[in-house]
Amino acid sequence: ALCRFLAAEQNVPLVQLGLDSSVDVKDLIGTFRATAPGVFQFQLGVLSACVVNGDWIVLEDLDLASSDVTSALVSLLQRGEVYIPEEDRTLKCAKNFRLLATVQSNAPAGGA
């Protein structure tokens, strides 16, 4: 509720994504999708779209995410950028981008 309030006060879109073992890196970073028969185009994932657009994103239950997902967040947290290997390009964080996360204090780590 606080995140929604603050985002509204700043007039910034807020995206909330619940994490668990079914969410994979492609959901966050992006993947190629068929746009027509035999035609594929890279579509940004929810995290990459927020990085580019300067939106705020809340990753809920980060402790339930797979190790692949948490590993994908490392370069974003360390360097402020997202690398997309499928396109060999790097996305720099827009000025207003914010990453927020929650954890379940009673859940086992690593999505187990």
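- Atom CG in Leu44 sits 9.5 Å away from atom CD1 in Ile29 (nearest 0.5 Å).
- In terms of heavy-atom proximity, Cys93 sits nearest to Val51 at CA-CG1, 3.7 Å.
- No side-chain donor-acceptor contact under 3.5 Å links Ser66 and Asp68.
- Here the closest heavy-atom approach between residue Val82 and residue Ser48 is recorded as CG1-OG, 3.9 Å.
- In this view, Ala7 and Leu14, Trp56 satisfy the side-chain contact (heavy atoms from CB on, under 4.5 Å) rule, not counting sequence neighbours.
- Side-chain heavy atoms closer than 4.5 Å link hydrophobic residues (I, L, V, M, F, W, Y) into clusters, and following such links, possibly through other members, connects Val46 to Leu77.
- For the side-chain contact (heavy atoms from CB on, under 4.5 Å) test, residues two or more places apart in sequence or in another chain that qualify with Asp55 are Pro13, Cys50, Asn53.
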Practice item. Using the side chain to side chain contact (heavy atoms under 4.5 Å, CB included) rule, take Phe97 and Leu76 through it: C-alpha gap first, then chi angles, then the decisive distance, then the call. Key: CA-CA 11 Å; Phe97 172 74; Leu76 175 61; 4.1 Å; yes
Exercise for review: Under the side chain to side chain contact (heavy atoms under 4.5 Å, CB included) rule, what do Ile57 and Leu100 come out as? Steps first, then yes or no, please.
Suggested key: CA-CA 6 Å; Ile57 185 167; Leu100 305 135; over 6 Å; no
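- When the side chains of ILVMFWY residues are joined at heavy-atom separations under 4.5 Å, either directly or via intervening members, Val25 and Leu99 end up in a single hydrophobic cluster.
- By the ring pair (Phe, Tyr, Trp, His ring centres under 6.0 Å) test, Tyr83 is found to be paired with no residue, residues two or more places apart in sequence or in another chain being considered.
- Between Gln10 atom CD and Arg98 atom CZ the span is 8.5 Å, to the nearest 0.5 Å.
- Put simply, the side chain of Gln16 reaches to within 4.5 Å of the side chain of Arg4, judged on heavy atoms.
- With sequence neighbours excluded, the residues forming a side-chain contact (heavy atoms from CB on, under 4.5 Å) with Lys26 are Asp24, Thr31, listed by chain and number.
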Would you tabulate the side-chain donor-acceptor contacts of residues 32-40 under 3.5 Å, counting partners in other chains and residues two or more places apart, or write 'none'?
residue, atom, partner, partner atom, Å
Arg33, NE, Gln43, OE1, 3.1
Thr35, OG1, Val39, O, 3.4

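- Residue pairs meeting the side chain to side chain donor-acceptor pair (under 3.5 Å) criterion with at least one member in residues 71-80: none, sequence neighbours excluded.
- Rounding to the nearest 0.5 angstrom, the gap separating the OG1 atom in Thr102 from the CG atom in Leu62 is 8.0 Å.
- For the atom pair OG1 of Thr70 and CG of Leu28, the computed distance is 10.5 Å after rounding to the nearest 0.5 Å.
- Side-chain heavy atoms closer than 4.5 Å link hydrophobic residues (I, L, V, M, F, W, Y) into clusters, and following such links, possibly through other members, connects Val52 to Leu59.
- By the rule that hydrophobic residues join a cluster once side-chain heavy atoms approach within less than 4.5 Å of another member, Val69 and Leu17 end up as members of one cluster.
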Practice item. Show your working on side chain to side chain contact (heavy atoms under 4.5 Å, CB included) between Glu81 and Leu91 and close with a plain yes or no. Key: CA-CA 5 Å; Glu81 60 189 32; Leu91 304 175; over 6 Å; no
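- Rounding to the nearest 0.5 Å places CG of Leu19 at 9.0 Å from CG of Asp63.
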